[in-house]
Amino acid sequence: MTDHASTGLIHHPYHPPEGFEAPQPGVHKASTVIFRDVAAMRARDWRSKAGYTYGLHGTPTTFTLEARIAHLEHGRDTLLTPSGLAAIALVDLALLGQGDELLIPLNAYGPGKSVARHQLARYGIGHRFYDPMAPDSLAAAIGPTTRLVWLEAPGSVTMEFPDLPALIAVARARGLLTALDNTWGAGIAFDGFAVGGGCDVVVQALTKYPSGGGDVLMGAVTTVDEALHLRLKAAHMDLGLGVGANDAEAVLRALPSIALRYHAQDRTARALAAWLRGQPQVAQVLHPALEGSPGHAHWRAACSAAAGLFSIVFDPQLAPARVDAFVDALRLFRIGYSWGGAVSLAVPYDLKAMRDPAPYEGTLVRFSIGLEAEADLRADLAQALAVLR
Ligand SMILES: *Cc1c(COP(=O)(O)O)cnc(C)c1O
């Protein structure tokens, strides 16, 4: 031991005893990973999780979270990304090249469409939209350069649940890769690798249900096929996509309760959706588990549960400003994007700005149900609807 404070504080010989175990895995923070000797450094293989190379390429904390998300999604390998959107962009960039084309459902998560429109287009990668509620529309959109088909169930905001087995069959028959945005299903409502012929890649915004707190941004890209995983992993490394250890820990801490939270939010959301259907100002309730909602039969065939997310379309006679007043009048429901957290949220959407032609007349409000008591949320909706009388 040296007498010098700095060296002694950095190279202190004390090591805590091995064998510590606690309910939560430890938080390992690293850019630098220290090797035993030069041979160990040279022997490291980036493909393998048997060792560590550099913080960006994995730590015990991120490897543990990857393994648990792979379990949740019924896959083999998972890569973590700094957001759900980064997971979508990674899949696009890893699997497409100049001259290729990808197909996106026209009701897909908006920022994912923007990646294709504004980024992929600059690299000579084309895209087309298809109507996910019409498998023929997918078949018709496939061209000689199509390589990848995105799937999402249900559609963001408008909540149509597609016939996933039919869409997957169309893509498979043409030899195309399929990537599913499984943020809504969260690995709980259905198995993305088993539905129909099974998807090739399953993406999830861990920001939503796995985090459950409205305080973490993270995404995941899960696969079953190892060669496909290694293609994605090579691009993941080249793009320098890493996640913070404390964020990974926050998701690890929330994962054990994900199924409990998912089912609780599902129960409350279904009860509120059914109640809203009986309210005179509401023209339509869009919730795939509700009889009469677009794609309900496909939801029933594929799913054992639903996320706590639904939308309502107001009577077209009601001016958008009045719908804004309804949202402003809500007290327990807060105004904000995202979902899967404890706080219930409401967002009004201008359908005409999202999709041309707009699928519905009238203004849409999307609700994310949190963990508050159903009776309190219903009373909140009732008092805000009273503003419209
Ligand atoms: C939120 C969301 C994403 C993106 O997740 P971020 O972590 O917010 O980037 C992607 N897809 C769907 C369906 C989402 O709801």
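Remember, it's 1-based here, ligands and their atoms both numbered in the order they're listed.
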Under 3.5 Å: N/O of [X] near N/O of ligand 1:
X	result
Lys208	yes
Ile88	no
Gly84	yes
Thr207	yes

Just which atoms of ligand 1 are under 4.0 Å from any heavy atom in [X]?
X	result
Glu152	13 (C)
Ala205	2 (C), 3 (C), 4 (C), 5 (O)
Trp339	15 (O)

Item checked: Test side chain to side chain contact (heavy atoms under 4.5 Å, CB included) applied to Pro316 - qualifying residues, sequence neighbours left out ->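 Expected list: Glu361.
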Note to self: Quick one, Pro320 and Asp350 - any side-chain contact, counting heavy atoms below 4.5 Å?
What the structure shows: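 No, every pair of side-chain atoms sits at 4.5 Å or beyond.
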Check: Are any non-hydrogen side-chain atoms of Leu79 and His229 less than 4.5 angstrom apart?
Finding: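 When only atoms from C-beta onward are counted, His229 and Leu79 do touch, with a gap below 4.5 Å.
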Item checked: Val282: hydrophobic cluster co-members (side-chain, 4.5 Å) ->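 Members other than Val282 - counting any ILVMFWY side chain reachable under 4.5 Å - are Leu272, Trp275, Leu276, Val285, Leu290, Phe310, Ile312, Phe314, Leu318, Val323, Phe326, Val327, Leu330, Leu332, Phe333, Ile335, Val365, Phe367, Ile369, Leu377, Leu381, Leu385, Leu388.
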Checklist line | Side chain, backbone, both or neither: the part of Trp184 lying under 4.0 Å from ligand 1 by heavy atom | finding: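 Trp184 to ligand 1: no contact under 4.0 Å from either part.
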Next item on the list: Select one of side chain, backbone, both or neither to describe which atoms of Thr183 lie under 4.0 Å from any atom of ligand 1, heavy atoms only.
Entry: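 Just the side chain.
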Checklist line | Charged N-O contact under 4.0 Å between Arg355 and Glu160 | finding: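 Yes, Arg355 and Glu160 are salt-bridged.
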Notebook entry, point to check: Which of these, Asp181, Leu85, Val157, has its nearest heavy atom closest to atom 13 (C) of ligand 1?
Noted result: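 Comparing heavy atoms across Asp181, Leu85, Val157, the nearest one to atom 13 (C) of ligand 1 lies in Asp181.
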Check: How are the rings of Phe129 and His127 set relative to one another: parallel (under 30°), tilted (30 to 60°) or perpendicular (over 60°)?
Finding: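 Aromatic pair Phe129/His127 classed perpendicular.
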Margin query: Over 60° means perpendicular and under 30° means parallel, so tell me whether Tyr52 and Phe63 are parallel, tilted or perpendicular.
Written below: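 Judged by the thresholds at 30° and 60°, the geometry between Tyr52 and Phe63 is parallel.
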